[in-house]
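Residue numbers start at 1 and run along the sequence shown.
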Amino acid sequence: MPKLPTLRRQYSIITSPVGGLRWDVPSTLIDKRETPNCSEVLYTSKIIQKCPGTTYFSITSTTSLSGTVNHIDTYTNSAGTEKLMVHTTKNLYYYDSATDTIICLTPQYKTGTCNLTSASTAVVGVGTTWATNVKAGDDIVIGSTGTSASLTYYIVDAVQNNTGLSLTSPYLLTTSTGNVYVVRKCYTGDEDNHWSSEVIKNTSGTDIYCTSNHIDNGIWYWDMSLLTAATLNGTSVYHCWKLVKYGERLCMYRTTENGTAYPQTVRWCVAGNPENWTGTGSGSTNLNTVMGVDAIQSAAKLGNYVAIYGEKSVILQDYLTDVNNPFAFFNRISKFGLVAPRALVNMGSHHLFMGWENMYAYDGGRTLTPVGDAISIIFEDGSINPSAINRSFAMLKTDPQVVLFYYPSTNATTCDNYLLYDTVTKRWSKGKRSYSGFGYYTTKSQQTWDSLTQTWDSATFPWDTSTLLNLSPLNLVGTTSGKIEYDTGLSNNLADGTVVDGWWTTKDFTSPNRYRDEEVSWMSFIFEAIGTSVDVSYSTDGGSTWSTSYTIQLSLQNWKEYTWDIEVWSTRIRFRMRNNTSGGTFNARVIGMGYVGDSDRSIDSAN
């Protein structure tokens, strides 16, 4: 007698779903380990891992710094004393780890006293000369001459004369006279005026922190003893886009001198004396012979050289033995360059940077190595706002070692998206976070299990994560609202409570017979996971629309296999795993799907 109909269910298994983001090949043709779309995920040890959240750094959990956080750097002197330096568009700060306080280093004016009326914006000075020492936009603290960033401040709206100024908002306290005060003489840049910094010894052997925002005159410096930053001797008529210590000289790149911009100029000080810019051994050069009409974007050490990046060229600077002419400059790359001054990471043996058409690696030779072919369509499809692309930046993270390239999306003026490049596996991911600056800091204390408030079983981070370890570098990011955040590995939300929306999709699967228009019965989605929960869904139109998601609760303690049974008849399908719940996370591995091909839906006619 004839047999009953049988359905031969087959399975496609992805044992290592960590091939990364791939946009340069149709989604039906990419390797099954790759993904046509994802967000906020990392690839580690054959595992898809939702990216962790962030925590506010120091007092920025309750206090916003004045201005947009633009640049963060670490200042270490020869004695091993370390200070975290924070630059906003308006102020310069350092972090005092002993008191967990952020201190303002912006130059001050605090002569005389002032009188204020409650609910009024008028301020009357006594014994003051505000007309020449205060300007609109400066911050003013009433009732204190302190430097703590946590002090309440007002913003100067206008200066009428030596004894009169007005505030942008009414005075909130009771009417008072004879108040001490301090005006922070703020810097005048905006988000286009990025800071650059470098540490170099002065003639006394003191390591000084030097910085410029390429708009306010002077190279500013601090030596860990001054109350506020000061103008470095000999530099009052200069500012620049980039500072680099090369040998015993401090070099400025793309300078402005006495109010005139020189976009191709490199200027350097006397060897061993960063306060002497006119003596024997100091000098400058215009790179027009090697750059053509290009303009300097940035510069960074590369082995024994400095690589100078233009918008469409790369120049190498070499140190010579001639005291009077200490440098030589050679054109190495033409027609390719750096898209933004901060969109470069120094990997030691090479640089990784964002170009105009791709992401590149450069090792000092005559060619660039494209590393972003898989995602380079982003430079062509309108995903990046061209009018704000100069605000893009790149930052290096460890554990795992990845580089994040932040950029402003189509209508954004601040970086609100990133592309993540794994420097070991060469794979890409992406995500959405809004930041304006970045930097690194070394933690001085180590978390222990006893110091944690959660249980071992509820922890969703690796027990040996480097973010818990003493002397581990913290990856810091800043915001336009004056906040600083860092990755702890302990939080699954962003510092402001925003939920991290992490998701990953499979490729578009089609008939195993390679016939694109052949319909297939898709019957199950299978995966191994650990975490809190995951929402699974499918799309049959290339990700344009998705089915109603199905939530699967996961185990936080053990890896388990989960199956989602479906019945979908279509020519193609992709599956999505997602977690966008507060405090939620997931890790996934060994992903598969069950299906029955059209040719297998038949009756076996054997007798």
Side-chain angles (χ1 to χ4, degrees), residues 67-73 85-93 105-107 135 137 185-200 208-222 229-232 234-246 249-269 274 277 284-287 291 294-301 306-311 315 317 337-344 353-354 387-394 413-415 436-439 478 480:
T68 294
V69 177
N70 180 282
H71 177 68
I72 302 172
D73 200 359
M85 310 298 291
V86 179
H87 302 248
T88 71
T89 49
K90 296 185 66 176
N91 289 289
L92 172 61
Y93 302 90
L105 290 171
T106 304
K135 64 184 181 301
K185 303 170 71 172
C186 294
Y187 301 99
T188 62
D190 59 22
E191 289 183 54
D192 293 324
N193 304 117
H194 57 277
W195 288 88
S196 174
S197 56
E198 188 62 275
V199 176
I200 191 169
I208 60 174
Y209 183 84
C210 302
T211 186
S212 175
N213 68 349
H214 77 82
I215 189 170
D216 292 303
N217 273 336
I219 303 302
W220 296 85
Y221 84 98
W222 187 59
T231 303
L232 190 66
T235 68
S236 61
V237 298
Y238 303 127
H239 56 78
C240 64
W241 281 46
K242 183 68 177 180
L243 289 170
V244 175
K245 176 183 176 291
Y246 193 12
R249 288 177 167 88
L250 184 64
C251 297
M252 304 182 199
Y253 299 84
R254 191 165 179 171
T255 64
T256 295
E257 306 180 10
N258 290 296
T260 301
Y262 296 95
Q264 297 178 320
T265 289
V266 181
R267 179 171 290 279
W268 54 89
C269 68
W277 295 81
S284 67
T285 189
N286 189 300
L287 300 183
M291 296 191 78
D294 204 358
I296 296 172
Q297 288 273 60
S298 190
K301 288 292 296 295
V306 170
I308 304 171
Y309 289 84
E311 294 181 4
I315 311 300
Q317 179 182 359
L338 184 64
V339 75
R342 298 181 297 161
L344 179 150
F353 70 93
M354 180 188 294
S387 65
I389 195 171
N390 61 299
R391 296 179 177 180
S392 302
F393 64 87
T413 56
T414 298
C415 293
S436 54
F438 69 99
T480 57

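- A distance-only check finds no donor-acceptor pair linking the side chain of Lys90 to the backbone of Thr106 [under 3.5 Å].
- With values rounded to the nearest 0.5 angstrom, Tyr238 atom OH is found 11.0 Å from Cys269 atom SG.
- Under the 3.5 Å distance criterion, the side-chain polar atoms of Lys135 are matched with a main-chain donor or acceptor of Cys186.
- By the 4.5 Å heavy-atom criterion applied to side chains, Trp220 and Thr231 are counted as neighbours.
- Side-chain atoms of Thr285 and Trp268, non-hydrogen and from C-beta on, do get closer than 4.5 Å to each other.
- Within the model, atoms CG of Leu243 and CD1 of Ile219 stand 5.0 Å from one another, a figure rounded to the nearest 0.5 Å.
- Applying side chain to side chain contact (heavy atoms under 4.5 Å, CB included) to Met252 and the options Trp277, Tyr262, Trp241 leaves one that passes, Trp277.
- A 4.5 Å side-chain heavy-atom check between Val306 and Cys251 finds every atom pair outside the cut-off.
- Inspection of the Thr89 and Asn70 side chains reveals no N or O donor paired with an N or O acceptor under 3.5 Å.
- Partners of Ala261 under the side chain to side chain contact (heavy atoms under 4.5 Å, CB included) rule, at least two apart in sequence or in another chain, are Thr256.
- Here the NE2 atom belonging to His71 is positioned 12.0 Å from the OG1 atom belonging to Thr88, to the nearest 0.5 angstrom.
- A heavy-atom distance below 4.5 Å is found between the side chains of Ile200 and Pro274.
- Rounding to the nearest 0.5 Å places NZ of Lys245 at 7.0 Å from NZ of Lys301.
- Side-chain contact, Glu191 with Ser436: no donor N or O sits under 3.5 Å from an acceptor N or O.
- Tested against Tyr253, the residues Gln264, Gln297, Gln317 include a single side chain to side chain donor-acceptor pair (under 3.5 Å) partner, Gln317.
- Residue Ser212 holds its OG atom at 11.0 Å from CG of Leu232, rounded to the nearest 0.5 Å.
- At a threshold of 4.5 Å between non-hydrogen side-chain atoms, the residues His194 and Phe393 do not count as touching.
- A donor-acceptor pair shorter than 3.5 Å can be found between the side chains of Tyr209 and Ser197.
- Asn193 is linked by a side chain to side chain contact (heavy atoms under 4.5 Å, CB included) to Asp190, His214, Ile215, counting only residues two or more places apart in sequence or in another chain.
- Taken to the nearest 0.5 Å, the CD1 atom of Ile315 stands 7.0 Å off from the CD1 atom of Ile308.
- Every ring pair (Phe, Tyr, Trp, His ring centres under 6.0 Å) that Trp195 has, sequence neighbours left out, goes to His87, Tyr187.
- Annotation: side chain of Thr265 is in contact with side chain of Asn286 (closest heavy-atom distance under 4.5 Å).
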